[in-house]
Structure formats: C-alpha cells, structure tokens
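Every chain is numbered from 1, with letters handed out A, B, ... down the list of sequences.
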Amino acid sequence: MLSGRNDYRELVQDDRVSGRLYYDAAVFDEELEKIWYRDWIYVAHESEIPEPGDYVTRFIGLQPVIVSRDEDRNIHLLLNRCMHRGNTVCQSERGNAHAFRCAYHGWTYNNRGALVGVPYAAGYDGSFAREEYALARVPRSASYRGLIFGSMSASGPGLEQRLGNAARLIDQFIDLAPAGEVILRSGVLKHSFRGNWKMALENSVDGYHPNILHHAAMMLITKGRKVDMEAVFGEHTDALARDLGGGSAQLDLTPINRERGGRVVPHGWSAMAWEQYLDAMQRRWGVDRAREIIQVGGPHFCIFPNIIFILNQFRVIQPVSVEETVVYYYPTMLKGAPDEMNQRRLAETYLIHGPAGRVAPDDFEAYERNQEGFRARANEWLVLRRGLHRERRESAGTIAGHETDETTQRGIWRHYREVMQA
Amino acid sequence: MLSGRNDYRELVQDDRVSGRLYYDAAVFDEELEKIWYRDWIYVAHESEIPEPGDYVTRFIGLQPVIVSRDEDRNIHLLLNRCMHRGNTVCQSERGNAHAFRCAYHGWTYNNRGALVGVPYAAGYDGSFAREEYALARVPRSASYRGLIFGSMSASGPGLEQRLGNAARLIDQFIDLAPAGEVILRSGVLKHSFRGNWKMALENSVDGYHPNILHHAAMMLITKGRKVDMEAVFGEHTDALARDLGGGSAQLDLTPINRERGGRVVPHGWSAMAWEQYLDAMQRRWGVDRAREIIQVGGPHFCIFPNIIFILNQFRVIQPVSVEETVVYYYPTMLKGAPDEMNQRRLAETYLIHGPAGRVAPDDFEAYERNQEGFRARANEWLVLRRGLHRERRESAGTIAGHETDETTQRGIWRHYREVMQA
Amino acid sequence: MLSGRNDYRELVQDDRVSGRLYYDAAVFDEELEKIWYRDWIYVAHESEIPEPGDYVTRFIGLQPVIVSRDEDRNIHLLLNRCMHRGNTVCQSERGNAHAFRCAYHGWTYNNRGALVGVPYAAGYDGSFAREEYALARVPRSASYRGLIFGSMSASGPGLEQRLGNAARLIDQFIDLAPAGEVILRSGVLKHSFRGNWKMALENSVDGYHPNILHHAAMMLITKGRKVDMEAVFGEHTDALARDLGGGSAQLDLTPINRERGGRVVPHGWSAMAWEQYLDAMQRRWGVDRAREIIQVGGPHFCIFPNIIFILNQFRVIQPVSVEETVVYYYPTMLKGAPDEMNQRRLAETYLIHGPAGRVAPDDFEAYERNQEGFRARANEWLVLRRGLHRERRESAGTIAGHETDETTQRGIWRHYREVMQA
Amino acid sequence: MSVERSAIERFLYREAHLMDNHRYADWFALWAEEGPLTYWVPCNGDDLDPKANVSIIYDTRTQLRNRVARLNETLWLRERAPRLSRVVSNVEIEDQNADEITASSNFVLVQLHRHVQHLWAGSSVHKLISAPSGLRIRSKKVVLINNDEPLPNLMFLI
Amino acid sequence: MSVERSAIERFLYREAHLMDNHRYADWFALWAEEGPLTYWVPCNGDDLDPKANVSIIYDTRTQLRNRVARLNETLWLRERAPRLSRVVSNVEIEDQNADEITASSNFVLVQLHRHVQHLWAGSSVHKLISAPSGLRIRSKKVVLINNDEPLPNLMFLI
Amino acid sequence: MSVERSAIERFLYREAHLMDNHRYADWFALWAEEGPLTYWVPCNGDDLDPKANVSIIYDTRTQLRNRVARLNETLWLRERAPRLSRVVSNVEIEDQNADEITASSNFVLVQLHRHVQHLWAGSSVHKLISAPSGLRIRSKKVVLINNDEPLPNLMFLI
Ligand code: FES
Ligand code: FES
Ligand code: FES
Ligand SMILES: [Fe+3]
Ligand SMILES: [Fe+3]
Ligand SMILES: [Fe+3]
C-alpha cells in the first residue's frame, strides 16, 4: 500500500532525487520495512563487550536490541522486550549481567535470552514450555572483523556477500592495528539533528563540501603550516570519489596519503612512538606490506545504510523519525599500537567530531538548513549530476570520479531505488 | 473503515493479545468511538457537588463535560462548548456558579444548560429559538449509589444492567459507611504516564505483580511486623482473581480479610474510634450484618473502562492519546464514621498513591517500560495464559482463579474484543 | 482524494459551519492546496525593502520565500532553497545582500535569483545550464499601492480583479498619507496562538465581540471621557458590517467617523501637528477631498485569506499547522505626515496589539478557548445566523448588515466554500 | 549613596514575588512616585529605538498605570490566570552614582497556562533610586531571548 | 540568634546538592533530630488543609523515614534513576526569632528520565532551627507551579 | 588568600554574561595567562578519565585557543548564532588554599536557535587563581545533566 503511494523510479532519478524522500513519513515507514528491517544493520563491535556477561543495548531501526556475550563468549542479539507483557528487561546502555530480570513480574532471562526464572510458577501448567518464552532473537546476526551486524529478516544474502567491495576497506581500516584488531572501549559521542538520516549518510562521502562548509576548521589545519587543502578536497586533488556498489561509497585519499606517507602519521609525533609502531607493524606484516598499509592509511567510506568509517572512528547513523536522526561516533584504538598513537586517535575524535567538535557541527547545521529548505516545494529536486561526465567504471565494477564529484551519492541512491522499488 | 483495518479476533486471542493494541493510533480512535463514546463512563460522584450551583468539569473520552447541580438539586451533564462559536464556557475544574458566561460574545447559560442571556438580542429575530441553543447534553446519564455515569450514545443497556455483578461490589464498598454514603471532597491526586490507558486498567486487578514490583513498599509494610505478604498476594494466598463479566474484574481478598477481621481496621487504631465505628455500624445494619460488612471489608475491583475501587479510594482512568494517560485518585470518606478513621483513609491515599506515593510510582515506571518494550516488534504478543488451568466458573457466572492469575485480564480482554469487533 | 473526504457544502452551510474545519488536519492540507498555494497571498510591502539589495524573508503557506529588491529596484519573490541540495540560502528575516551564498557547497545566487557562483566548476560540463538552476520563483507576483502579493499558481485571476471592492479600501487607508504612501519600517509584533488561522480572520471583522470581550480595554478608553462605546460597537451604532465579496469583509465605521471628524484625529493632538497635517493633505488633495478623506478616516477590513487593515496597522495571518497560527502586526507610517502623528500611530500599535497589548490578548485567549471547545463533538456547529434578517444587498454587490452582525463571517465562509469545493 | 548587591537582590526577589503572584498594585508601588518612568520590553532585537520601532512593551507612567488597571479588570484572567514561578539570578550592579543605581539580572520564568508549561528567559536592567521608603524603580528594561519570535500572550508582569 | 541570608543560601545549596545526587540518608540528616517534622507538597492548590485534603507529599518524621527507606530500596531506581539539576534562588528570610528561621526560595529543577527532559518549578518555605551541628530543617513546604496538574513520577527529593 | 563567595559569584556572572553574548575573546581573557589550562565537559557520565574516553569537550590551552578561533571564524554562526540566556546559582566555595579556589555552581541555560528553544542544565566546577588583574580560570569542568544523551550542536561557550 505504501509502495503504491511512492514510485521510487520517479522520485529517484539518475541525476536528481526528490526532496520528498527526506520529509514524507510514509517514505520513512517504508524505509523501515525495506531497509532497516531487511538489510544487514551494524549494531556493535565485539570489543565493546569483551567479557562474559558484558552487554550493550542498541536499536535496529526503531527496535530495541540487547547485544550480549554469554559465559561461553558467544554473542547474542536479543530483543529488549519481556515475553510476558512486554516491559523492557534491560534499562542500561552498557553493563555486565548474567541475567536480565523484568521488574514487573520478575520473569528472568539469562544473557542467552533463555527464560530461567518465573515467580509463582504454579500459575503455569505443563502446557507452558519455557523454551517458547525465550527473549526474541534478531533473526540473523553475523560478524566481520569484530563488527557485529544484525538483520531482522530471516532470509537474504549473507553478510560478506552484502559487504562486497566494502569488506576489503574494513580490512584496510583494521590492518593498521599491529595486532590486527581495533578496540572500541573509549565511549561514544552522541550527536542529534532535526533532519532525515540519509543526509548524514550522503554527507559522509560528499567530497565537495569540506573546504567550503568547514572553512573554519581548514583554517586551523592550515594555519602556520604549508598544507594545501585544495590538493586534498579541492579542484586539484588526486583523491577519488568511488561508488563501491550496494550503496556503499568511498572517498579514496590513497593517492594523497602515498605522497604524505599516510594519514596515520600525523605531524608532531614522538619519533619513539613512530619507531615502536613501525616495528610492531613490520613484525606482523613484514616490511613491505607494513609500509604499504601505513602509506595507504585509513580508508574513508560508508556502508549502506548505517555505518561510516572516517579517520580513526566508526560513525553510526540512527534514524529516530523522518526528520530526527542521531549520529554516534566511536573512537577506535589500534590493538598493539603505542599508547601515544591511540591517545591521539581518541583526541582526534572528540576534537573534530560530536556536538562541540571542530568539524561536525558545520554538517549538522547544514542538515537542519536542508530540512528547512525542503519546505519549499516549487522545485522539489536535489541535483546529483556533478561529475557525471568525468567518472569512469573500474575493473572491480566500482565507479570512480573526481573527489569532489557526486559519484558517491549516485551510488547510494541507485542502491536505494533498487531496494525501495523492490 | 477503521474496523476494517483491525481484526480484533486476530489481535485479541484467548491467551494472548497483540502489543499493537497499545500503540496504534487507529486502534485508539476506534476505542473512542466504540468504548468511550458508547459505553457508560464514570464522570463524578454526587458528593463532589453537594450544593446547588456546584459543578466540576471532566472529560468523557476526549470531550469536555460540565457536571453541574441546579437549584432543584438535579444534576446535569453538559458539554463545555458555547453554542454560538464554540468557546469553552467554564474554565475551572470545580466551583459554584449559577450561570456560565462565554467570554467571547457573552452568551450566558444557567447551570441547567439553558441559554439565558444573549447580548444585543436584536441581532436575532423570531426564527431564533433559544431552546435550540441550550448547551449540548451528554445523551444519557444515570447514578448508582452517588456515582454519576454518562454515555455519549443515546441508546444501549441501562446503567444497572451494564454494572451487572459490579453493582454489589459498589454496595460492599459504600456499606462500610455507617450512613451508607461515601463522600468525595478531599481533593484528587493526578498522575500521568506515557503509555496506553489499558495498562492502568489491567494493572489494577493484576495480582501477580505486587510482591515483586512493589517489593520496597512491602518491605515497609512487613518491617517489624509479622505480616506474610506471600499469604496476601503470593503463592499461598487464599485470595481470588475474579472475572466479573462485562470487562469488570476483582481481586477478592475476602478470605484473608475474614481472618484478619477486615482491612477497615488497620492496626494502631484508637479503641475509642473502633468502638464508635462498630456502634454506628451496628445501629445501622444490626450486629450480624455489621460484623459481616466489616469482616469482608472493602472490595478491590475495576469497572470497564475507567473506574477502579482500591482500598479507600476511587481511581479514574483518563486517556489522553494512544500513549498518554492520566490516572486520578479520589480518597473517599465514610459518612458517619469517626474522623480518626476518615483521616486515616485520607492519609492512606496520598501516602500510597499518586506521583510521590509508596506504591503507585512503581506501576507507572512499569507502564513506561512497557510502552518502550512495545517498540520491539519481532514478537508482538503479550501472554495472558497464567492460571488458565486452575480457574473455575462460579454460580454467578463469574470466573475465579488464584489471586496471582490472569483470570482478570482475560475477562477484560474478552469484553474488549466483543465491543471492538462489534 | 482529500476533497473526497470533505464535502464543504455539508460542512459550510449558509447560517452555520462545522467545528471540524478548525481541527481536521486533512482540511488544513486541502486549504494549503486550494487557498494558500492558489490564491494571491500578501507577502510584504515595498517600503520594507526600499534600497537595492534589501530583502525580507516570508512564507507563502508553509513555503519559505525571499522578497528581494535588485540593483534595478525590481522586486523578486524567490523560494529560499538552494537549487543544488536544498539548503536554505538566506537565514535572516531582513537585511541587505547582493548575493545569497549557500553555506553547504557555496553555490551563490544574486538577488534576482540567478546562479552566479559554483565552486570547482570543472565538476559540471557544458550540459549544465546555469539558467536552469536559478532560485525557483513564486510563479506570479504583483503589487497594489506598494502591497506585494504572490501566488504559487501560474494561472488565475489578476491581482486587481481578485482584490475587487477591497482595492478602494486600500486606497482609503493609504490616501490618508499626504504623500500618498505608507511606510512599513517600524518593526513587527509577532503573536502566536494554539488555534486555527481562520479564527483570526473571522475575528478581525467580528463587530459583535469588542464591547464584551474587550471590556477592560473599553474601560480604559471611556474612563473619564464621554465616549459611548455602545454607539461604536454596540446595539445603537450606525456602523456597518459589510461583506465585500471574494471573502473580504469590512466593519464600516464611516458614519461614526463622520460625526467624530475621523479616527485619524485622536484627542490630545497638538494643534500644530493637526494644522501641518491638514495643510499637507489639502496641498495634495485639495480642500474638499482632503476633508472627505480625513473625515472618513482609515478603514477596518480584511482581504481573504491573510491580510487585515485595522487602525494604523497591517495585520498578517500566518498558518503554522491546523491548530497553530502566528499573527504579525506591522505599524504603518503615513508618508508626509508630521512625526507626532506617525509616532502616535506607532504607539497605538504596540499599546493595543501584540502579546502584551491592551486588546489583542483577549482575542488570543478566546481563540485558544475556542480550540479547546472544539473537542466537544456532541454538537459540531458554529452559528453564523446573527443579523440574517436585517442585512441588505448594496449597489456595489456588497452586503451590509448591522455592525454587530455576522454578515462579514458569512461572506468569508461563502467564499471559502466556493474555493474549497472547487 | 551606596547600596550592597544583597540589598538589590532582596529588592528584585521581592519584585519577582509580587509579579509571580499577580499583585499588580503592590508591584506598581515599587516604582518611583515622581518623575518619568519607563518599562521597556524591546521587540525584533535588544535595542531598537522605541520611538521609531514597535516594542513588546514600552510604557511611561500613564501607560504603566493603564496596564495595571487592564490586568486588574480583565475578567477572563480571573477565571484562569497563568501560574508563574521565576528564578532571578546573576544580579550585578552595573553602575551606581549619587541618585541612581543600575542593576542587571537574568531570569528564567516558568509559566503554566491552560495546562501548558511555557518557559520565558532573558535579562533585565533596572534603574533604581533610593527613596525614603526604600529602593524604587525608575526604569526597567527586559530583554527576552525570543523577542524576535512569535510570542504567546504575555498577560502578566515580567 | 541571628543568621545571615548567605548562611541560609549555603544551607539550601547544600540541600539541593544532596537532593540532586539522590543522597537520601545525608539529606535526611539535614532534618532536626528532635521534635515534629513536616515535609509538605500541597496538591490542588497551594494551601489546602492537609488534614482534610490530599497532598502530593505530607510526611511527618516516620513517613519521611519511610520515604527515604523506600527510595533506597527500590530496585528499578537503581537500574535507572532520574538525573537532576536544580538552581535555587530568590532566597529570602521571611521571619526570624529566637528558635526558628523562616526562609523562602524559588527553584527550577531540570529532570532527565528515560531520555526525556522534564522541568519542575516552584517555591519552597523552610523552617529552620540552629542546632549545634548547624542549621536543621523543622518543616519544609514546596509549592509546585503545577500542583493541580497531572504529574509524572516524583521519585526523588524535591 | 581569601576570597568571598560574593566575589566568586561576580566573577561567574561576568563569565556567564560573556558566554551568553558570544564574546569569545573576552571570555578567553578570563583564563590564566600562564600554566596549563583544562576546559572539560565529560561525556557518557560525569567522571570518565578523559585520557581514556571521549569527552564532549576536553581542551588544553592550545585547543581552547583553537576553539575560540573556530567560533570566531565560522561564517554560518555569523548568519545565525544561537541566542543564549543562563542563570548561574548555587555557588559554593568547595575548597580554598594559598593559590587556588575551587568553586561549584549550577546553571540553567535557555538557548534559542532556528526558532527552537532548547534547555541546557548542569553544574560547573571552576578552579580559580587570583591574578593581579583579578580572578582567572585555571580549569573548568561542566557536568551536563544529559551528557550521555544525544545532543544538538553545542556551538557556543558553556
Ligand atoms: S512484563 Fe515482564 S514479567 Fe510481566
Ligand atoms: S463563542 Fe460564546 S458567545 Fe460567541
Ligand atoms: S546545497 Fe547549496 S550548495 Fe550544495
Ligand atoms: Fe562534513
Ligand atoms: Fe501495582
Ligand atoms: Fe478583538
């Protein structure tokens, strides 16, 4: 019925999309059904719940989920809803618990979701099978390099298949860790805006805006240093905007990083830390591969619909309503890297991102101005044609354009149209 | 059209109901139509407006109603809406007025609703019949033992027929007054929660939760006294959960009260007050009947959809939206009982109930957790099967189960399905 | 589809209208389509943007509009939405700018709306025609005596035709200026209420309520002066309520003004200012016409749907949602009149109107009581029959009734039914 | 003359109390008995010339008296007046000379009207004189944070 | 005895700090050790006789002790207690005699519970005695601006 | 050295005034000219180690200077900056020794941005030194009531 209302072939065209997709509540409901409750959604990283009993609570779409680790170190994605009358059984966003007890009538579930306690049991006779009252599970869950994804749909492509080209970028991000793992245990910044979630996804791979919208931050970066931001995000950059397929997209700064020897070596590092890190990397990867990894540096990309990798951080998009969204920023530590390096990664996250950061607030102001602008209906189109004439298909099936081009947005929307029209 | 959308035979099953009934705005609209604007709704008690001119303002469903007493002591249920352009004509929740004057153009109505004043009358000619512009009346109203009910439907079963088995429990509540009347003139506690109104109704006759959810209050009750709460609300209680029919339900503590000599004699009473009360009761009812009344004590029950009798209080449920509800607590005084006793009834109300009471906040927290839990949709069911195997039909046509069983909720939902499916 | 839902012949009858028109969101959506995005809507006065580059931002219905004056002094009505991705390009409600630069990617438009700047232009090839990306324009705009109106519909009757009888009343208002112009450059009072916009329009020409609702203000006016308000707004007034056609309506105080020599000469003026004014008026209009203009004084009327002329002020109605409305009050200065007189006009505006004025808050309280009253649905009608028996058709095709009669409201609703049923 | 900040605070607290409780006449009695008075709540900004621009409130003595009378007489306010509670803080003496003290303060005012809570916030500048009967207001300017936004009825003293 | 306003302020700030941080026992220790106590939050108005009308809170010593115990014991409050921050201002000494000080104050309290911010506002009257250990509360009355409106849970100290 | 609470209050009111009015440079001048500085707004709780966990703000001198520069330069803030008004209250001197004063306070800050009013609330702890030019801030910690909730832009001084 909803899909009857919206024709996504009309609303999403190759070089433009309708503003309606950002404010129509019926579109949002349909997105819940066809994207958030069907696709693979990133929920958490295994390192957030390292110990048996550790848990975090998250949302898949609008549904509350507990991500718990049991005594056998297995991970479970459980709906946070008592099977008796539906109270939430877990109130905290993180903690350690071997059981979740519902406050209302005391039904108790272990961290596998099994119903292990029912007060006044005589009220239920033999026909009552406790197994039927285990906490509902997210139908499918899977991990890749410690990233836990869940899907509310029992069927569909597997996680790795769905990740496609994005998988090797996850590798690129994590291989920077001498121990081959990232650790998310440094808290999270939570940043909200009054606007549609898709703006945050598109913006994450929008290479056109940084020098303009973030001019103040750029001023601070360049001040008293000879960095030409035009050669990074501007006209004469060698970086690329890449459509990875499946709605995933990348800003590929590799060419620049190669020259600069890789983003992971910010200026002002102690030589010692650098030595330590290089040494650890070489021991793990060998000299050449280590140099390669370091030079290429961390990738900048997004995986449709809700996770973004930028600098040292995971960024997660959480829709709240058609025009309310929250973005979570998780700093990631490189296991096996010197503390100095990881502290730097931590600092970069809060200095640059979040509500009071040097960069993120600009984007959030832009999102809210965008949502305001959508009230003008005389012309409903958003134009996505930038660089259409100069992008090229790559061997991997990906499409590469100039860093400032909208190749990335077009990739996101092509996938969106496909899943929404389905 | 709405009923077309929701199949209540599907949503309400014998041993489970769908969470959708608590959050779907279309269900709420249909409830207004089929329950709140069709059934008998409790609005006020006669003792709240003892004198000619006294009035209170209430709501039937979402519609504002004035309950007034005229100079002949007759009671009127009038819609609080000027017949000219629709301003509310009464702004206060209680007071005494012989006329209601609309501030906008000064049309004035007496407390019978008759239009008695129209400024600049020459603007209306003979074709203007004032009788046609009396305040709209609630189509039907009736009283039972001083309880005033109104129905927005002109036809339907009479009040007493609708009350059915609940009528004698109202008697049981009020017969505790030596003068055979209760008085509601001690104010009202107003307590709100973000959740659906039905949770408050079900909870009122939920004998499963008290010892668990209200453990802190129970601790205070039992502390330094040998009361076994398990023998009241727990496994080994002799109390019963009873489906009275018509959506009304009871927690019958009679067996316990008998042993204890009746709830109405809390420990720590002055002997004198006790003597006085006993004497007054016997004078009215005779020795045996008085003892019987006192031993059985006050009943604990609800009448579908909006009034609850617990301890010494009337509790009224007011829906605001599909997930906003207000509960009103009215302490009741026993006419002819010693002041000490009535003051005790008053204190019991505010110490135990309301936003800062010893018990009620636990339930309200549970309601809000419930509404949160309903956001998890992987499994939509609330389970109502507790005690299905051990309840029994009684001669009166009622059904009795163990005090902790969901016999009561099943009764509420059976009636709900019947009226909503109609 | 919407019009399918609402039959306006049923909801709007000759002597009564349904309360549903004030609270049904579907009606509001249909009003946007058939009134706010079709009819001529007042947006601003030319004197608000006297200089090249001056602009103000307004709304037509819910759509944000920039009203700008270019270097050739031409006026443009532009949608405040960047043609790239839709950010608002102008953030301020008034100012002077030769260009509007979008903060997101820096697209820049001149105050004619032309796209004059695109950063990193190489991203767009020859197929990108800048002309296609000028800011969208309000399809039609036109001025009358400096009042700028816009229409979101490309076709329809011209402005003057639409103004009809109201045009000469605009003349009457503005001819009071010796220089034949009014100036709006004294700021604006912004006053909001929780209620439907139509109440503010109807109230503006409701001659029935002033002495009753505004009794306190009347008390101040009459206190220690022999003014009989009954002879102005009451039973024995000679003033008229007039349906001007097309939804416009007037309270015609001419008869009274004639006796009093015209409202424009408030008591307590300095003789000198009076002389100056008279002299200036006579020089422009000649002795007789000047006297005529002054005696007749300023008109009191509204033009459907959103502009009202009362005393010295323009009043503009801005719908926000079906039950949220903002009213703007703009004091108007008479060009060529003595400062003393204009300061008096200014003072009259803020002393009488706005959130803390002597009169307006009464109306706003009434609107909110009205919206509350609409929750009572037992009787949905608002009665508009006042004076039906004593109104008469005039030569101009207008209809005149007693000042206290609902001739004006009936005119508004007849037009409303016509456009909504279309 | 020299006055302590604490004396100013006491005075402003007193004024707040009278305003919160709609004691119009008692509040009016806090104003200077002689000389020109100004009660100013600017509009469309914090400092536009009130002679050339609308104000939310711009009262001289006569208008102030009329305002108090209007509030007193209004029947619908008696039926249902807004409930008010405000905190006054950040009291500073900006200037003090022989015949006048200039004091600034901030406030947060919570209003309840028709079951809806509304928050008012801003800062005030009082010009006070020290009369035999104590401090008196010569002029008061209230800068509302939202003085360029649509406002609901302001039918109370601020 | 004579106490400065600033001493009262310090005491009320201290009390606010304990209430904001749910330090129930420490807060209870601010009350007088002997004699009758009253902790009163009126309902349906600001002054209805608590012996004849419901109150939101009307505690004597025993009930106050029970309230503290109840808050301490409640498991769900430990799972998720409201976050509180209040400003106390407009502190005035209403009356002061040999054995008792009457102080009034206003407050604005911002509460965060279940991700929802809620605003509480009103005024308080404390009757204080000066014990060797410092000021102690003999009675406290809190007038909420919305004491005749439906209220959400008030499961904290106010 | 010994400083009165009223002197601290005056200082905090002054700071609030500068913050409310986006006077970034003047505000920065309130900080100590030498030695390490810390401006900390914790995240995910009130006290997580800022070396191991994200903070909403955790600035040393350089970063603080950068923050001020960033706010100064940002064009869109000039187009439309948030309007602010805050009350600071419950000022207490927690500790005072030879070279440092520790003062705590609570605040309620009303923000207006894009026609929407938003309420910020929490408490602050200032560590102050007394310089010849007056009190100066050595460190400031602001505990927001909602520091574990999603926050809108905090593009002003708090
Ligand atoms: S709702 Fe969880 S135990 Fe009843
Ligand atoms: S609306 Fe009541 S008199 Fe007109
Ligand atoms: S949205 Fe305006 S330039 Fe991109
Ligand atoms: Fe960005
Ligand atoms: Fe309960
Ligand atoms: Fe009016």
Taking every heavy-atom pair that is under 4.5 Å apart, which of D/Asp20, D/Val110, D/Val88 has the most such pairs with chain E? D/Val88

Side chains of [X] and [Y] in contact at under 4.5 Å (non-hydrogen atoms):
{"X": "E/Ser130", "Y": "E/Leu135", "answer": "yes"}
{"X": "E/Leu109", "Y": "E/Leu84", "answer": "yes"}
{"X": "E/Ile158", "Y": "E/Leu144", "answer": "yes"}
{"X": "D/Leu128", "Y": "D/Ile137", "answer": "yes"}
{"X": "D/Phe107", "Y": "D/Ser124", "answer": "yes"}

Just by modelled atom types, is the [Y] backbone N or O under 3.5 Å from a matching donor or acceptor in the [X] side chain?
{"X": "D/His22", "Y": "D/Pro82", "value": "yes"}
{"X": "E/Gln111", "Y": "E/Trp120", "value": "no"}
{"X": "D/Lys141", "Y": "D/Asp46", "value": "yes"}
{"X": "D/Arg83", "Y": "E/Ile145", "value": "yes"}

Which residues in residues 5-17 of chain D have any heavy atom lying under 4.5 Å from a heavy atom of chain E?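 Checking residues 5-17 of chain D against chain E gives D/Ser6, D/Glu9, D/Arg10, D/Tyr13, D/Arg14, D/Ala16.
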
Using a heavy-atom cutoff of under 4.5 Å, enumerate the residues of residues 47-81 of chain D that contact chain E, numbered in order, or state 'none'.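 None at all.
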
Checking side-chain contact (heavy atoms from CB on, under 4.5 Å) for the pair E/Asp99/E/Ile129: CA distance, chi angles, key distance, verdict? CA-CA 6 Å; E/Asp99 68 339; E/Ile129 59 169; 5.6 Å; no

Correct closest heavy-atom pair for D/Gly45 and D/Asp148 would be N-CB, 4.4 Å

Taking all atoms of both residues into account, what is the closest heavy-atom pair of D/Pro42 and D/Asn147, and its distance?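 Here D/Pro42 and D/Asn147 meet closest at O-CB, 3.4 Å.
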
Applying side chain to side chain donor-acceptor pair (under 3.5 Å), can you list everything that pairs with D/Asn106, at least two apart in sequence or on another chain?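 None.
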
Could you tell me the separation between the OG atom of E/Ser105 and the CD1 atom of E/Ile93, rounded to the nearest 0.5 Å? 11.5 Å

Side chain / backbone / both / neither for E/Leu119 at chain D, heavy atoms under 4.5 Å: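 Looking at E/Leu119, backbone and side chain both touch chain D.
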
Applying a criterion of heavy atom separation less than 4.5 Å, what residues of residues 28-39 of chain E form contacts with chain D?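 Within residues 28-39 of chain E, near chain D: nothing under 4.5 Å.
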
